[in-house]
Amino acid sequence: MMEKLNTTDLINAIAEKTGSTKTDAEFLVKNVIELIEESLEKESSVKVKGLGTFKLKRVASRIGRNLQTGEEVEIPPHNKVTFTPEKELKELVNKEYEFLTYKEVEEEKPVASAPPEEKKEEPETEKPLESKSDPVKPEDNKEPNLPPPVPPPPEEEYDDVESSRRGYHWIIPVAVIIIAILAVVFYFRACQDRSDDAKTPPEEEQVISPVEEPVDTLAPEEPVVDEPEEILEPEPRPMPVTPEEDLLYVLEPGNYLYQLAGKFYGDSLFWVLIYRENADKIDDPEEVTEGSRLVIPKLEGTRYNLSRQDSMNLSEGYRMLYEYYMIREDLRTSNFYYGMVRYMPR
Amino acid sequence: MDITQAEAGEKIEALAGLLSDLFSEDKALNIQRFGTFSTRKVEPRKGYSPVLGKHVIFPPKKVLDFNPSDILKEKVKNINI
């Protein structure tokens, strides 16, 4: 059981420690406390060095219930006192546990395996555009009938960059040649039937309802790590289900924002978009309440080809989370700052 | 008690130091008419860390709470902030 001291004990302890009389010690305690109260009343906030900050917080009126009679009563708006200990004191109190850090969880849900992959992908999402879209793009311009066959190439390029990271440098020239050949082939043999065929699959997938099992999130992810041989297959691979327009999604138990982002955008890092859109409904981004109705905003561009507005929204989402975590003095704050800067349109 | 500002500062710091010592020793302190300071253990919990991109177990920790007395609560209730 925790030992509880009262004012007299405190006064005695001060007198003993500082060698002053009990009267002086009592005077000190009384004055300090009075001072804190006064400042609270006047300034609504007071910082005591070495201890922490006392602050008044406004509490809006709400409906409560009388526990005896069960009748509803309105609790009027009022202020409450909050206390935030200083960082040093916080650490001192937590000394016992300070060496502990996060422990990874072996997750039963298959979805948990997706995020680590995503981490690797993060820095690359924009690269494919600069590096090798050239062989595809000119053809695109000349042949307006051809848009459907184009979706696969970005993924192929994406694979290249991914694997080059791991040191397969020879793959880049090979892939460029293959893409160039494919582009030429597409250009010369452009026939309407084929393009129509290729057109249908992605549309079908967009119809998939949000009620689907989260397991499907994995499907769009796996091709990313596939071996480069896959490139040769011209058939379109499963694309992430990108919402055609803003969707309304009712959270199921066990849903996390990053899962939704994986499902709807194919990139769980885009969860900041969902957070941005629904920030007023989300108290804790790491623990969203089931049954909440969230709006899944659509992307103007695509996952690999973000429009300016998309980038702005992403940056904004990161900024909001940056502020959210900064207030809480969370160690991860800086990551959101980098996200914010990365997507800021230039 | 007539003291200089510096002396007052020293005294307050000494008081804060004493309080820190008490709290780090896991002792609760009730100051009459003001409120109660106490430490509380937060149990380890499962959560998702968006930065690590993983489900993790957050470690247990100890935190310091302040619970204002009814008197203090009543006093600040209806101040305009």
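Lettering of chains follows the sequences in order, A, B, ..., and the numbering in each one begins at 1.
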Quick check on A/E96 against chain B: is it the side chain, the backbone, both or neither that has a heavy atom closer than 4.5 Å?
side chain
In terms of heavy-atom proximity below 4.5 Å to chain B, should A/L321 be classed as side chain, backbone, both, or neither?
neither
Verify, without hydrogens or angle tests, whether A/N94 (side chain) and B/K62 (backbone) share a donor-acceptor contact under 3.5 angstrom.
yes
What part of A/K42 lies closer than 4.5 angstrom to a heavy atom of chain B: side chain, backbone, both or neither?
neither
In terms of heavy-atom contacts, B/P60 and A/Y97 come closest through O-CB, 3.5 Å
Between the CZ atom in B/F23 and the CG atom in A/L89, the distance rounded to the nearest 0.5 Å is 7.0 Å
Report which part of A/K17 has an atom under 4.5 Å of a heavy atom belonging to chain B: side chain, backbone, both, or neither.
side chain
What part of B/S49 gets closer than 4.5 Å to chain A, counting heavy atoms only: side chain, backbone, both or neither?
both
Non-hydrogen atoms of chain A under 4.5 Å away: do they reach the side chain of B/P68, the backbone, both or neither?
side chain
Passing candidate, side chain to side chain contact (heavy atoms under 4.5 Å, CB included) with A/L51, options B/I12, B/L15, B/L19, B/L64:
B/L19
Tell me, for A/V48 versus chain B, whether the close heavy atoms (under 4.5 Å) come from the side chain, the backbone, both or neither.
side chain
Measure A/P76 against the heavy atoms of chain B and call it side chain, backbone, both or neither at under 4.5 Å.
neither
Does B/V76 offer a backbone N or O that forms a donor-acceptor pair with the side chain of A/N79 under 3.5 Å?
yes
Mark yes or no for whether A/T7, through its side chain, and B/I31, through its backbone, hold a donor-acceptor pair below 3.5 Å.
no
With a 4.5 angstrom heavy-atom cut-off, could you sort out which part of A/L56 is near chain B: side chain, backbone, both or neither?
both
Enter the distance from B/N30:CG to A/L10:CG here, rounded to the nearest 0.5 Å.
10.5 Å
Which value, rounded to the nearest 0.5 Å, describes the distance between B/L18 atom CG and A/E16 atom CD?
9.5 Å
Top of B/E25, B/K75, B/E13, B/K73 for chain A proximity - count of heavy-atom pairs under 4.5 angstrom:
B/K75
